[in-house]
Structures are given as structure tokens and as C-alpha cells.
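Working notes, structure below.
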Amino acid sequence: MYGILLESIVTFIKKAYSEEKWELIRKSARVDQENFSAHQVYAETVIPRIVDACHNHLGIPKEDILISFGKTYVDFISHYGYDKILKVVGRNFRDFLNGLDNIHEYLRFSYPKLKPPSFFCEQESRTGLVLHYRSRRRYDGYTHYVMGIVKSVGRTFYKQDISVSVLKQETTGNMVHVTYQLSFDNSAYQEEEKRENTQNLPLRMDVFYDLFPFHILFDRDMIIRSIGKSLRATIDEITGYDVTQVFSLKKPLVDFSWDAIIGRTNTMFELATIDPIRGREETGDEDEAYTWTDTNGKKRTSVVSISQDDDSGTFLRLKGQMLFVREWESMLFLGTAVLQDLDALCQTGLYLNDLSMHDNSRDLVLAGAQQGIEMKLILKQEQSRTKQLDDTLRQLESERHRSKELLYKMLPKALANVLISRAEQNGLELVPNDTMDLAQQATLFVCSIQTLDGQPGPLETAQSDNLQQLIQLQRQMEMFSERFGYYKIETTRHHFMAASGIPTGTEVTEENACFLAKKVFRFASGLSRLRVCMAICTGPTVFAVIGSRFPRMCLFGQTVATANAMVELMKPTENQPQILVSETTKLRLPKDTGQKFVHGPPIAGKVAGKEKDIKTYVLQQQQ
């Protein structure tokens with residue numbers, strides 16, 4: 001199916017229910033494309049998935065959804081200029097219905113891969129008619145989709161309220177046949193009066209052949225009695241053969257029989273040769289010509305193509321109308337060759353003088369040759385723009401994914417999800433917290449990175465080695481922090497801070513902090529120019545996300561001041577671990593913990609805003 005159908009559906013959902021609903025429906029329907037191109041072909045399963053998703057999220061019956069899709073399709077294609085075509089199809093609504101197949105035939109110039117349905121009217125009266133709909137699309141939902149289109153056309157162009165009901169629906173092979181009862185003011189219908197023509201106009205057969213070079217005359221037994229001269233020059237002699245064994249009926253979608261044709265003489269017919277034909281061009285390596293003798297004893301020649309595509313020039317297609325000639329008791333097919341360009345003319349073995357002069361067959365072929373290059377260029381440009389748009393949309397989706405990943409690295413995941421949810425509700429603009437929050441028991445890990453003095457070597461070399469080791473140490477601290485459930489708050493050249501228990505608490509923060517500190521110390525012990533001092537402190541901490549373009553977590557309160565004061569008390573040494581733990585952290589450790597401590601220097605109470613000094617302990621590095 002072409003994207004113009006999907007474009008109309010997307011436009012309707014966004015306009016009627018909002019773009020947010022469409023995004024929800026699109027993801028639920030497993031539709032990757034955010035936009036559709038009118039001239040691009042998409043899978044037939046897209047619309048059924050969208051209908052199911054609309055039913056689940058909107059709570060509307062599927063039949064009503066499809067009728068709404070059909071109604072809005074008529075309004076949507078008006079923006080493409082197709083309303084001008086719909087206005088001139090017929091003088092009244094019955095004429096429009098009888099000309100539906102002709103509309104689809106016109107659309108094949110813009111949509112060459114179109115496989116249109118077929119419509120046929122019968123049982124007409126002044127109060128309505130019966131409409132037959134046949135389609136190769138086996139999805140039952142198009143039954144109500146067509147109902148929506150019929151109602152919208154009647155109301156928009158003919159100012160009538162059409163009542164539509166389904167009389168019968170059946171599936172035969174790969175074909176769906178639906179019979180509708182249409183009720184409307186059909187006062188334009190008049191019973192045709194049967195008149196006998198008593199005057200015979202003499203017409204020589206050679207003149208008739210010149211007028212209709214592609215005609216086919218066959219009787220009630222479907223036996224061909226006469227063919228046009230151009231048709232005779234293109235294919236082998238077929239007079240006397242069953243027409244159904246030489247041609248296949250492409251349109252309308254009915255059985256190729258006398259009874260089916262006699263009731264549809266007001267419908268456009270299209271025939272195609274069953275066997276490929278040989279044109280003026282030499283047979284290629286992929287084609288094989290062969291000759292055989294048929295049941296009538298006549299020799300026939302044909303070409304078998306490995307790729308027998310009905311749209312290729314190897315098969316001759318004829319389009320025209322069927323007329324019942326009462327005097328002959330035969331059906332006369334007055335057709336013209338369907339030739340899109342000069343290449344098709346060559347492949348079928350025809351010349352321009354084989355085409356009729358009284359119709360526009362020659363003009364269409366020549367105009368197609370002149371405009372073919374231009375149309376191909378326009379189509380190529382449009383496809384290129386569509387591809388660029390798809391690439392841009394994919395890049396946008398990739399950037400959104402990268403932005404989320406970056407935000408998860410900048411903030412704890414719980415807080416990042418809150419910001420992403422707010423951003424989707426406010427036009428993809430990050431909105432930080434309006435107020436500060438309090439974590440009752442957050443555990444802070446603070447590390448001070450210092451450089452040992454007295455290292456030999458030139459100053460430039462020493463600074464370069466210090467920087468390289470500093471980068472290695474910071475990478476390891478970030479990796480260890482993430483492994484033990486800590487989130488990095490701040491990283492500078494001489495300072496590192498991580499926190500756990502923000503925004504939601506956890507029971508293993510203190511034990512993990514001890515393992516984290518030991519991991520960092522062991523790695524730092526292997527560095528020749530850097531030494532670290534670490535502090536672990538637990539307590540209530542105020543936190544907030546600051547900034548919209550570059551959001552970051554900021555911590556405030558006495559616990560933060562205490563942790564910074566603890567790390568400033570220590571000085572780096574080469575052999576002794578420098579891991580200072582607050583009393584609150586030690587008390588929260590499990591009783592059976594394997595960590596060993598000794599008393600450390602106290603922290604002055606005025607530094608942390610308390611009346612008395614704070615006890616600290618030094619975490620021992622087990623041998």
C-alpha cells in the first residue's frame with residue numbers, strides 16, 4: 001500500500017487526539033516510521049496494527065475507527081489536488097460510483113505499483129443501488145474503510161447523506177468480495193428504454209478495422225470471431241480460439257465469462273495476453289523463443305521470459321469497453337493498447353501508425369517519452385528527500401537515545417527518569433526540581449588526591465606523569481563507584497565525591513563504601529606520584545538537580561561539610577592507608593562485619609555546625 005493512505009491516518013489521529021496519542025499508538029503498533037511518504041510502498045499489515053492499537057488506547061470499536069479513517073481520507077487527498085478529479089467524475093452520485101474504476105486507472109500514472117480494487121453497481125432504483133467491492137487485500141477492515149469513503153464523498157461533493165450497510169462478505173482465494181446496500185436519493189436513475197434500430201448503416205469491414213485496430217469480437221461461447229489488424233500484426237492468429245485461453249481479465253475483478261461481462265458493459269475492461277509476445281527487439285539471453293502446434297493444427301510462436309512480470313512490456317495490455325452487438329449476438333471489445341512509453345512500443349512490436357488516430361493513444365506515447373525523464377528526475381529527487389528525512393529522523397532518535405544515556409551518567413537513574421518524563425510533557429525541555437529534597441541517610445565517599453613532593457626529573461616530565469596517573473586514578477574511581485552502587489557527584493583535579501542512598505535509601509551503602517575505599521587505595525598504592533586520602537560519612541543530606549541545559553546533582557548540609565572536613569585532616573603517606581570513617585557510618589555497619597578500625601582524629605564541632613566534636617575511625621587495610 002502507498003504511504004498516502006497512512007499519511008491521512010496519521011494526520012487524523014494527531015488532529016483528533018494529539019501528537020502524544022499518536023506516539024503512543026505508533027509504538028504500540030510497532031511502527032518504526034514517524035512520517036510516511038505518499039509515493040512509497042509500505043507493508044499491508046501497518047493499517048491493521050494501527051487499528052488494533054487505536055482500539056486498545058482509545059477504547060473505540062474498530063469499525064468506527066475504520067469509518068473515521070475513510071471519511072478523513074477524502075478531506076486529506078484534497079490537499080494534493082485530487083478533489084478536482086472527484087468533482088468531475090460524474091454529474092451525480094450514481095455516475096461517480098460507476099466511474100470508480102476509472103479513477104483508480106488515472107491514479108496508476110502517479111502510483112505505478114497500485115493494485116486497485118474493483119467496483120460494480122447493480123439493482124439500481126430511485127432510492128439507491130447495490131455496490132459490489134472486490135479487492136486483493138484480505139484484511140476485513142477495508143470493508144468499513146470503504147464505507148467511510150463513500151459516505152464522505154456523498155456528503156462533500158453531492159450534498160447527500162448516504163446510508164451504507166453490508167449485505168454480504170466473502171473471501172474466495174486471494175479475493176475479498178463485499179456487497180453493500182446504498183440508500184440515497186437516486187432520482188437521476190432512469191430505466192433505459194429498449195429501442196430497435198430499423199435503419200442499417202453500411203460499414204465495410206476494412207473501415208471498421210481501421211477505426212478499431214485492437215478490437216476483439218467473440219460470441220457467447222467466448223470464441224474469437226474477429227480481431228483488429230494491429231492486434232493481428234502483434235500476436236499470432238487467434239481467430240477461432242477461446243478468448244479466455246489467449247487473454248486474462250485484469251479489470252474488473254470478476255470472472256472472465258459471458259454472464260459476468262454482459263452485466264458490466266458500463267465498466268472499463270482491461271485485458272492482457274497470457275503468453276509473452278515477441279517484439280521487434282532480439283530475444284536476450286534470458287528469453288527463449290519456442291514454436292508449438294496447437295489443437296487446431298496451427299503453428300504458434302511465443303517467448304518465455306524468466307521474469308514474467310505483468311507490468312513489463314513483454315505482455316500486451318488492452319484497455320477499453322465491452323459492447324453487446326445484438327445483430328451479431330456477440331460481444332465487441334473496443335480497446336486500445338496500454339503503452340506507457342516508447343520502450344513498451346518497441347517491446348510489443350508495434351509502430352505509431354498501428355495506433356488509432358481518432359483517440360489520444362499516439363499523443364500519450366509521445367508525451368510519455370518527452371516527460372519520462374523529467375518525471376523520473378522528480379521522483380528521484382522526491383525519493384532522495386524522503387531518504388534524507390528518514391535519515392534525519394533516525395539521527396534524531398539516536399540523539400535522543402544518547403541524550404538519555406548521557407543524562408543517566410550525569411544523574412542517578414531515578415532522578416533522570418523523572419526529568420525525562422517532565423521533558424516529554426514540556427516539549428522536550430528539561431525541567432529541574434523546583435525544590436530541594438532530603439535524603440535521611442545518605443552515605444558520602446570523598447577522596448582527596450595529592451601529589452608527593454620531591455620527585456626527581458624535570459618539571460615538565462613530572463607534571464606529565466602526574467596528569468597521566470591522575471587520569472588513570474579517576475577512571476578507576478568512577479568504575480569502582482558504579483560497581484558498588486555509588487553515583488559520582490563531583491570530579492575535579494584534586495577532589496572526588498560519590499554518594500549512595502540518593503534519592504532512595506539502601507541497606508548496604510556503608511559496607512560497600514568500605515570495599516570501595518579499599519579498592520581505590522590498592523590501585524593508588526601502585527602509583528608512584530599520587531597519594532589519596534579518603535573519608536566516609538553517613539547522615540541526612542539535602543540534594544537538588546541544578547541547571548536545565550547541563551543538569552547536575554548538588555549536595556548540601558552538615559554531612560557534606562563533615563565529610564570534607566574529615567578528608568582535610570589527613571595527609572598522604574606512602575605505606576599507611578588513609579581511610580577515615582565517621583562514627584555514624586561505623587554504627588550503621590553490620591555487627592558481623594569484617595572491617596577493623598582504630599580511633600582517628602576528631603573533627604571540631606564548629607566545622608560541622610555541632611556543639612561537640614565528632615569521633616572518627618581509621619579503616620584498617622587487612623594484610
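Looking at heavy atoms from C-beta onward, L589 lies in side-chain contact with C514 at the 4.5 angstrom threshold. The shortest side-chain heavy-atom distance between P590 and E511 falls under the 4.5 Å cut-off. The shortest distance between side-chain heavy atoms of V164 and K151 falls below 4.5 Å. Looking at I25 and Y17, their side chains never come closer than 4.5 Å, going by heavy atoms from C-beta outward. Side-chain contact check for H144 versus K62: every heavy-atom pair is 4.5 Å or farther apart. Put simply, the side chain of T143 reaches to within 4.5 Å of the side chain of Q169, judged on heavy atoms. Counting heavy atoms from C-beta on, the side chains of L619 and F521 never come closer than 4.5 Å. Between I47 and I9 the shortest side-chain heavy-atom distance falls below 4.5 Å.
Within 6.0 Å of atom NZ in K14, more than 12 heavy atoms from other residues, nucleotides or ligands are found, so the atom counts as buried in its surroundings. Heavy-atom neighbours of E19 CD from other residues, nucleotides or ligands within 6.0 Å: at or below the threshold of 12.
Screening I13, D64, L66, I60 against C54 for a side chain to side chain contact (heavy atoms under 4.5 Å, CB included) leaves a single residue, I13. Checked against L527 for a side chain to side chain contact (heavy atoms under 4.5 Å, CB included), the options L473, V532, L470 give a single hit: L473.
In terms of the salt bridge (charged side-chain N to carboxylate O under 4.0 Å, His left out) criterion, residue partners of E23 (sequence neighbours excluded) are, by chain and number, R26. By the side chain to side chain donor-acceptor pair (under 3.5 Å) test, T559 is found to be paired with no residue, residues two or more places apart in sequence or in another chain being considered.
Side-chain contact of E510 with T585: a donor-acceptor pair under 3.5 Å is absent, judged by distance alone. Defined by atom type and a distance below 3.5 Å, a donor-acceptor pair is present between the side-chain atoms of T538 and T443. For the residue pair K387 and Q40, no side-chain donor N or O sits within less than 3.5 Å of a side-chain acceptor on the partner.
Using modelled atom types, one side-chain atom of T392 and one backbone atom of Q388 make a donor-acceptor pair closer than 3.5 Å. Using modelled atom types, one side-chain atom of S152 and one backbone atom of K71 make a donor-acceptor pair closer than 3.5 Å. T616 places a side-chain N or O within 3.5 Å of a backbone atom of P601 that can act as its donor or acceptor partner. Looking only at distances, no side-chain donor or acceptor of T72 sits under 3.5 Å from a matching main-chain atom of S68.
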Output, in order, the C-alpha distance, side-chain angles, deciding distance and verdict of side-chain contact (heavy atoms from CB on, under 4.5 Å) for F496 and V446.
CA-CA 6 Å; F496 180 87; V446 182; over 6 Å; no
Is there a salt bridge (charged side-chain N to carboxylate O under 4.0 Å, His left out) between E478 and R475 once you walk through the steps?
CA-CA 5 Å; E478 291 183 11; R475 288 177 178 174; over 6 Å; no
Please evaluate residues Q595 and K518 with respect to the criterion side-chain contact (heavy atoms from CB on, under 4.5 Å), reporting the C-alpha separation (whole Å), side-chain torsions for both, the decisive distance (0.1 Å), and the verdict.
CA-CA 11 Å; Q595 311 295 344; K518 290 181 179 181; 2.5 Å; yes
For side-chain contact (heavy atoms from CB on, under 4.5 Å), just list the numbers for K586 and E583, CA-CA rounded to whole Å, side-chain angles, deciding distance to a tenth of an Å, and then say yes or no.
CA-CA 5 Å; K586 183 176 181 298; E583 184 178 15; 5.6 Å; no
Show your working on side-chain contact (heavy atoms from CB on, under 4.5 Å) between V618 and F597 and close with a plain yes or no.
CA-CA 5 Å; V618 177; F597 301 91; over 6 Å; no
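Separating the NE2 atom in H495 from the CD1 atom in I489 is a distance of 11.5 Å, to the nearest 0.5 Å. For the atom pair SG (C537) and CG (N564), the distance works out to 9.5 Å, reported to the nearest 0.5 Å. Rounding to the nearest 0.5 Å places CE of M534 at 8.0 Å from CD1 of I536. S582 contributes atom OG, which lies 9.0 Å from atom CG of L444 (distance to the nearest 0.5 angstrom). Taking OG of S481 as the start and CG of N512 as the end, the distance is 11.0 Å to the nearest 0.5 Å. Expressed to the nearest 0.5 Å, how far OG of S8 lies from CG of D75 amounts to 10.0 Å.
The heavy-atom pair separating I149 from G70 by the smallest distance is CG1-O, 3.4 Å. Scanning both residues, S500 and G485, for their nearest heavy atoms gives OG-O, 3.3 Å. Of all non-hydrogen atoms in A535 and M566, the two that sit nearest each other are CB-CB, 3.8 Å. Taking each heavy atom of F515 and F484 in turn, the nearest pair found is CB-CE2, 3.5 Å. Summarising the geometry of A513 relative to Y486, their closest heavy-atom pair is CB-OH, 3.0 Å, with the distance given to 0.1 Å. Here the closest non-hydrogen pair linking R49 and A29 is NE-O, 2.8 Å.
The ring-ring contact (aromatic ring centres under 6.0 Å, His included) pairs that include a residue from residues 46-78 are F12-F69, F76-Y80, where partners are two or more places apart or lie in different chains.
Ring to ring, F556 and F543 are not that close: their centroids are 6.0 angstrom or more apart.
Taking the six-membered ring where the residue is Trp, F523 and F480 present perpendicular rings, their angle passing 60° and hence far from 30°.
A salt bridge is defined here as a Lys NZ or Arg NE, NH1 or NH2 lying under 4.0 Å from an Asp or Glu carboxylate O, and E399 with R402 meets this definition.
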